[in-house]
Number of protein chains: 2
Amino acid sequence: MSQKGVGVDLETSLGYLLKEASSALRAAMEEVLRPLGMSVTHYSCLELLAQRPGLSNSELARGAFVTRQTMSVLLQALERDGYVTRPAEAPVGKALPARLTPRGRRSLEKASAAVRSVEARMLADLTGAEQSDAFRILQRMIRSLRDDDGGA
Amino acid sequence: MSQKGVGVDLETSLGYLLKEASSALRAAMEEVLRPLGMSVTHYSCLELLAQRPGLSNSELARGAFVTRQTMSVLLQALERDGYVTRPAEAPVGKALPARLTPRGRRSLEKASAAVRSVEARMLADLTGAEQSDAFRILQRMIRSLRDDDGGA
DNA sequence: TGACTCATGTCAGCATTCTGACATAGCTTG
DNA sequence: CAAGCTATGTCAGAATGCTGACATGAGTCA
């Protein structure tokens with residue numbers, strides 16, 4: 001099954017497997033969030049705000065792995081629909097700290113439970129040690145990818 | 001740092017870390033492919049065809065984790081630009097087996113080398129054993145996510 | 001103080017991908 | 001053989017996310 005030195009062997013490529021896992025996770029999340037009328041990005045934004053209240057639009061964008069333009073559009077919708085509030089004026093600089101409203105918190109609760117169940121299912125066949133290994137290894141991968149960004 | 005039982009703790013969530021790793025990998029790939037005038041999906045399609053010649057549009061879509069509509073658009077462009085050929089008539093059923101042209105193969109060579117270097121950088125700090133662990137664990141995660149799709 | 005750099009929010013335009021729908025080909029089953 | 005099921009390719013429309021560009025606020029430094 002090994003390749004003749006040509007190309008990336010998809011059967012044994014960790015990069016391909018990573019993409020596959022991420023794709024499967026996203027699909028599973030979309031499936032449980034759809035009945036709640038929520039997209040993955042939508043959920044990510046609320047979850048970030050629940051854990052780190054006062055995050056700005058740009059910070060939320062980085063946390064959800066989208067551009068700040070994309071997050072800006074989403075945030076405006078969330079604010080319009082009453083899930084999130086932002087002050088009219090920036091307390092410092094231009095950054096507007098966003099916070100969940102009670103309605104946003106309520107909406108997040110159901111979604112968060114659904115997402116937790118998906119994550120639990122994903123980890124069902126793994127021992128605690130394996131989960132720790134995975135955590136450590138993934139962190140190492142991320143750091144290596146970012147460290148010499150285009151340096152070398 | 002642990003949460004009060006509320007929500008998914010992003011600091012310790014393997015799901016979040018998986019998304020982060022996948023996002024970092026994608027960004028790194030885009031960075032090296034951009035100078036070659038190639039997108040990640042573009043590259044994925046060519047790489048799939050190099051390793052499994054004769055794949056149909058739908059099969060390529062599944063392999064690249066996009067819908068067949070998306071792959072169809074891409075494939076038409078690749079065919080128009082001379083990277084890929086497909087017979088005018090389906091030899092069986094409706095599926096048109098696609099193949100790389102010499103031009104497609106040449107174009108893929110550079111891209112594949114670039115992507116290999118990214119993957120190597122990602123794995124630079126990992127031992128062989130760790131890579132095997134990661135492979136096994138990721139496969140387990142994928143299977144768990146797919147097995148009871150919405151069953152439970 | 002003034003110039004420079006950096007991060008932020010926002011607008012406009014574009015690219016990519018998806019969902020929904022339809023017709024067709026092959027297989028299975030009664 | 002006919003009906004039903006599944007997979008495939010394709011078209012149309014819409015949603016989503018991105019790039020490019022601009023102005024503003026804050027910190028740095030000469």
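Every chain is numbered from 1 and lettered A, B, ... according to where its sequence line falls, protein lines coming before strand lines.
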Closer than 3.5 angstrom, by distance alone: can the side chain of A:E119 be matched with the main-chain N or O of B:L14 as a donor-acceptor pair?
yes
The nucleotide from C:dT8, D:dA26, C:dT17 with an atom nearest the side chain of A:S56 is C:dT8
Length of the line joining B:E30:CD and D:dG17:P, which is rounded to integer Å
14 Å
So, are B:E109 and B:R105 salt-bridged, with charged N and O less than 4.0 Å apart?
no
Does B:Q69 get its side chain close enough to the base of C:dG20, under 3.5 Å, for a donor-acceptor pair?
yes
What does B:L96 touch in the nucleic acid at a heavy-atom separation under 4.0 angstrom: a base, only the sugar-phosphate, or nothing?
sugar-phosphate
Quickly work out the A:Q76 CD to D:dT16 P distance and round it to whole Å.
14 Å
Tell me the bend of the helix from C:dT1-D:dA30 to C:dG30-D:dC1 as the angle between end helix axes, each from five pairs, rounded to the nearest 10 degrees.
30°
Pick base, sugar-phosphate or nothing for B:R34, based on heavy-atom distances below 4.0 Å to the nucleic acid.
nothing
Regarding the side chain of A:S58, the nearest nucleotide among C:dA21, C:dT8, C:dT10 is C:dT8
Could you pull out every donor-acceptor pair under 3.5 Å between side chains of residues 129-136 of chain A and any protein atom, sequence neighbours left out?
{"unit_1": "A:E130", "atom_1": "OE1", "unit_2": "A:T127", "atom_2": "N", "d": "2.8"}
{"unit_1": "A:E130", "atom_1": "OE1", "unit_2": "A:T127", "atom_2": "OG1", "d": "3.4"}
{"unit_1": "A:E130", "atom_1": "OE2", "unit_2": "B:R136", "atom_2": "NH1", "d": "2.9"}
{"unit_1": "A:E130", "atom_1": "OE2", "unit_2": "B:R140", "atom_2": "NH2", "d": "3.1"}
{"unit_1": "A:S132", "atom_1": "OG", "unit_2": "A:G128", "atom_2": "O", "d": "3.1"}
{"unit_1": "A:D133", "atom_1": "OD1", "unit_2": "A:R136", "atom_2": "NH2", "d": "3.0"}
{"unit_1": "A:R136", "atom_1": "NH1", "unit_2": "B:E130", "atom_2": "OE2", "d": "2.9"}

Closest listed nucleotide, where the reference is the side chain of B:N57 and the choices are C:dT8, D:dG9, C:dT19
D:dG9
Tell me which pairs pass side-chain hydrogen bond (donor to acceptor under 3.5 Å, both in side chains) where either residue lies in residues 81-90 of chain B, with sequence neighbours left out.
B:E79-B:R86
Of C:dT17, C:dC18, D:dT10, the nucleotide closest to the side chain of B:R68 is D:dT10
note: A:E79, atom CD; C:dG9, atom P; distance rounded to Å ~ 12 Å
Quick one: which of D:dT19, C:dT8, D:dA26 gets closest to the side chain of A:K94?
C:dT8
Could you tell me whether B:S39 contacts a base, only the sugar-phosphate backbone, or nothing, with contacts defined as non-hydrogen atoms closer than 4.0 Å?
nothing
For DNA chain D, whose closest nucleotide is more 5', that of B:S72 or that of A:M71?
B:S72
Donor-acceptor pair, B:S44 side chain versus B:V40 backbone, under 3.5 Å?
yes
